[in-house]
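Each ligand, and each atom within it, is numbered from 1 in the order the structure gives.
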Amino acid sequence: MICEKMKGLVKGSSAIRAMFEEGRKMAAVYGEENVYDFSLGNPNVAPPEAVKDAVMDLIQNEDPMRLHGYMSNTGFESTRKAVAESVNEKNGTHYGAGNVIMTVGAASGLNVVFRSLLNPGDEVITFAPFFAEYRNYVANYDGVLIEISPDTSSFQPRLDEFKARISAKTKCVLVNSPNNPTGVIYSAETYRNMASILEEKQREFGTQIYLVTDEPYRELVYGDIEVPFVPKFYKNTIVGYSFSKSLSLPGERIGYLIIPSEVDDFDEVYAAMSVANRILGYVNAPSMFQLVVERCLHETTDISYYERNRNTLYEGLTKLGFSCVKPDGAFYLFMKSPMEDEKAFCEIAKKYHILIVPGSGFGCPGYVRIAYCVAYETILNSLPAFEKLAAETL
Ligand code: PLP
């Protein structure tokens, strides 16, 4: 029999995945082109050519013992050095290989962080709406996730409530920008104010509070909007990054953590995260894809594809009378449900073969998430279906 804890986790298992499975079934019945599946954040733009070139070259020319072998739990020195240099170049920082740990995507990076920092009962504060898996990542280590309610006027973090909820038990604050599910980018002002609250509370409680910033969408930004580099605002910041979206490599499982030397107890924290990478069973990030990303740090997937999707979908839906948050980044559109019960709205959408995800899973009921990392034709073909949905619900 499975353990008690897993029973709870299986029961609450991702509604998004369930919807994706449902989409597959619907496509088999109605035909792929007649189902508008906006459920999953799975990139549909191919990785840059440079990724393929790197894979081919590595397979043909790299020493197979290096390419496929075990290594340091933190990853290849050459990869970590290249990552540090690329981050330095973009942000004017001074990191070295010793500030980087290669991870099995952003998901494993966050698990490594929480494994290393949380005692049972420690609190992690996050801001709704947030990536639904955060609940699991924190529960894995018997932490307690504190959800700050959403500010639906701007979808920036609600800092007054945040300040009031910090306690002696607060160990981490977890932020994600560009945000899944809203596409909103947290502003420099938000981080400046958040940092001053954190400094004040650390002094008040005599504790260390780590700000963990989850950034798989850092490069997916439309227009000239800056994504602030969070360690510049607060020294106890740990950055989690992933190539899942920026290079369209979610199945390859590759990302990294940056642990700046300024964080409290740096040596201990870095060593713990290296051990956590091993004992959680990841051992090290995938060897070949470490070497691939090392060569592709200046590459990104075709962001203009997502931008066109965003523009067409946003304009189409607002013209129909739906109220949407205009996303500045990532590839999600957060739309206000015309019905109070957004789960019922998502059920009605299925009648028109539209698969969208209820906001409750992201801690924000009354809204729905539309993942527009789909073919442009899907967006165009879905608009008449959305029109019918509008006629029935608006
Ligand atoms: N964090 C956020 C906000 C995400 O949206 C995702 C994936 O969709 C992840 C983490 C997990 O990413 P990865 O595939 O790199 O583990």
Does R218 qualify as a cation-pi partner of Y241, given the criterion of NZ or CZ under 6.0 Å from the six-membered ring centre and within 45 degrees of its axis?
no
Which one holds for K245 and ligand 1: side chain close, backbone close, both close, or neither close, with close meaning a heavy atom under 4.0 Å?
side chain
Contact check, Y217 vs ligand 1, heavy-atom distance below 4.0 Å
yes
Atom indices of ligand 1, in the order listed, that fall short of 4.0 Å to a heavy atom of S244:
13 (P), 14 (O), 15 (O)
Does either side chain, that of Y372 or that of T312, offer a donor lying less than 3.5 Å from an acceptor on the other one?
no
Any heavy-atom pair between the side chains of Y186 and Q156 that's under 4.5 Å?
yes
With a 4.0 Å cut-off on heavy atoms, is G255 touching ligand 1?
no
With the side chain counted from C-beta on, respond yes when L247 and E252 share a heavy-atom pair under 4.5 Å apart, and no when they do not.
no
Set of salt bridge (charged side-chain N to carboxylate O under 4.0 Å, His left out) partners for E199, sequence neighbours left out:
none
Within a reach of under 6.0 Å around NZ of K319, are more than 12 heavy atoms found that belong to other residues, nucleotides or ligands?
no
R253 near ligand 1, heavy-atom distance under 4.0 Å?
yes
Among all protein heavy atoms, pick the one closest to atom 3 (C) of ligand 1 and tell me residue, atom and distance.
D214 OD2, 3.3 Å
Please list, in number order, the atoms of ligand 1 under 4.0 Å from a heavy atom of N176.
3 (C)
